[in-house]
2 protein chains.
Amino acid sequence: MTYTIKEVSEKVGLSIYTLRYYDKEGLLPFVARNEAGYREFTDGDLNIIHTICCLKNTGMKISKIRQYIGDVMAGPDSIEDRQQLLHDHREKILEQQRILSENLKEIDYKLDIYDAPNAGDIISRELQFAEAEKRANALVDPYIKTLPGR
Amino acid sequence: MTYTIKEVSEKVGLSIYTLRYYDKEGLLPFVARNEAGYREFTDGDLNIIHTICCLKNTGMKISKIRQYIGDVMAGPDSIEDRQQLLHDHREKILEQQRILSENLKEIDYKLDIYDAPNAGDIISRELQFAEAEKRANALVDPYIKTLPGR
DNA sequence: CTAAACCCTAGAGAATACTCTAGGGCAAGC
DNA sequence: GCTTGCCCTAGAGTATTCTCTAGGGTTTAG
């Protein structure tokens, strides 16, 4: 049982274009071709592609994924290299998680203000501070003036 | 008290190039200029730039950040728009977090294998499976053969 | 046998976010 | 006044990851 590129595209959620691009970039050296030159994907191939997606989804660059796949193709001799590569990548994921949750906190802080019942007052005050600071430094006030409704 | 672009660069961790690029892209309309055309950053400006970094660090595109900044410049009338924008972005961050931890699980699963004392055996068996599958489908075996050491 | 639906490659194009260069002005210390 | 180190703009160049087009074979259903 093998799959066509279209079937794989639907299974893994990558466009046919992307799959061919990945192949061109050396990410799919394990995919065999039939007599007509068509790619034939096995279930084992799908497993590796799944791993490629994991690495991609966590921000690994194509060139690094190619390196990992190269290791996989090389067989058991490359286990240490793969181990190292994945451990390093794991650290990068943890770092990404740290950055995301840290920045999320700040965004939540801003949302608390916007969601407050007196958001208008708070924001108006902030704006007045900013304008006062510009004036204090003899700078142009860049904020948009709305005419007072009468 | 105002800051030069170099000082801001050091404070916020963006290169001078990037700051100028952001200005060109409309992310810093609040930064005033002195008589010579030099940018003069206030502390309030630094606060907004900090927010820009939060949005950028969590994957927001420049064009979207520009929209948010446009709202900020418009004053309190735009609070609902900012609220909406940040709430939507918040959801995207949660989604990113979900994707990261899901994929991290899979990578940890692979690392468990590579870190196991019998990793060599497991990997060899996987490889044999993959090769058998290729043979079963009358496909070329793409895996690298190492000569048996004698 | 023919049309529709696939498959292929090579290479151009696009989107995003920088990064740098060229050419020139300004400011501070000696 | 001159050098050094900043500052400016405009625009070219780079890196990455797709995405699509052109041109051409293959497969399948009727």
In whole angstrom, give the distance that lies between atom [atom1] of [X] and atom [atom2] of [N].
| X | N | atom1 | atom2 | result |
| --- | --- | --- | --- | --- |
| A/Asp23 | D/dT19 | CG | C1' | 16 Å |
| B/Leu28 | D/dT9 | CG | P | 11 Å |
| B/Glu35 | D/dC8 | CD | P | 13 Å |
| A/Leu19 | C/dT9 | CG | P | 12 Å |
| B/Tyr21 | D/dA15 | OH | P | 17 Å |
| A/Glu40 | D/dT27 | CD | P | 10 Å |
| A/Asn34 | D/dT28 | CG | C1' | 15 Å |
| A/Glu25 | D/dT17 | CD | P | 8 Å |

Practice item. Verify the contact: side-chain N or O of A/Arg66 to OP1 or OP2 of D/dT17, cut-off strictly under 4.0 Å; return yes or no. Key: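 No.
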Hey, are [Y] and [X] close enough side-chain-wise for a donor-acceptor pair under 3.5 Å?
| X | Y | result |
| --- | --- | --- |
| A/Gln84 | A/Asp88 | yes |
| A/Asp43 | A/Tyr3 | yes |
| B/Asn137 | A/Glu40 | no |

**Study point:** Closest-nucleotide ordering on DNA chain D, the 5'-leading residue of A/Lys56 and B/Arg39
**Key:**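 The 5'-side residue here is B/Arg39.
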Heavy-atom side-chain proximity of [X] to [Y] below 4.5 angstrom:
| X | Y | result |
| --- | --- | --- |
| A/Met73 | A/Phe30 | yes |
| B/Asp81 | B/Tyr68 | no |
| B/Glu131 | B/Leu139 | no |
| A/Leu14 | A/Tyr22 | yes |
| A/Val140 | A/Lys134 | no |

**Study point:** Nearest-nucleotide comparison on DNA chain C, the residue closer to the 5′ end among A/Lys24 and A/Ala36
**Key:**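 Nearest nucleotide further toward 5': that of A/Ala36.
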Review point. What does A/Arg20 touch in the nucleic acid at a heavy-atom separation under 4.0 angstrom: a base, only the sugar-phosphate, or nothing?
Key: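 Answer is base: heavy atoms of A/Arg20 come under 4.0 Å of a base.
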Exercise for review: With heavy atoms under 4.0 Å as the rule, sort B/Lys61 into base, sugar-phosphate or nothing.
Suggested key: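 Counting heavy atoms under 4.0 Å across all strands, the contact made by B/Lys61 is with sugar-phosphate only.
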Exercise for review: May I ask you to list the residues of residues 1-18 of chain B, by number, that have any heavy atom positioned under 4.0 Å from an atom of DNA chain D?
Suggested key: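 By residue number: B/Thr4, B/Ile5, B/Lys6, B/Ile16.
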Review point. Do B/Ile16 and B/Val31 share a hydrophobic cluster (ILVMFWY, side-chain heavy atoms under 4.5 Å, transitive)?
Key: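 Hydrophobic grouping puts B/Ile16 with B/Val31.
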Check your understanding: Can you list the stems that include DNA chain C, where a stem is three or more consecutive Watson-Crick or G-U pairs with distances under 3.5 Å?
Key ->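 The stems that DNA chain C takes part in, listed by first number, are C:1-30 with D:1-30.
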Review point. Considering only side-chain heavy atoms of A/Tyr38, which listed nucleotide, D/dT17, C/dC18, C/dC8, is closest?
Key: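 Of D/dT17, C/dC18, C/dC8, C/dC8 is nearest to the side chain of A/Tyr38.
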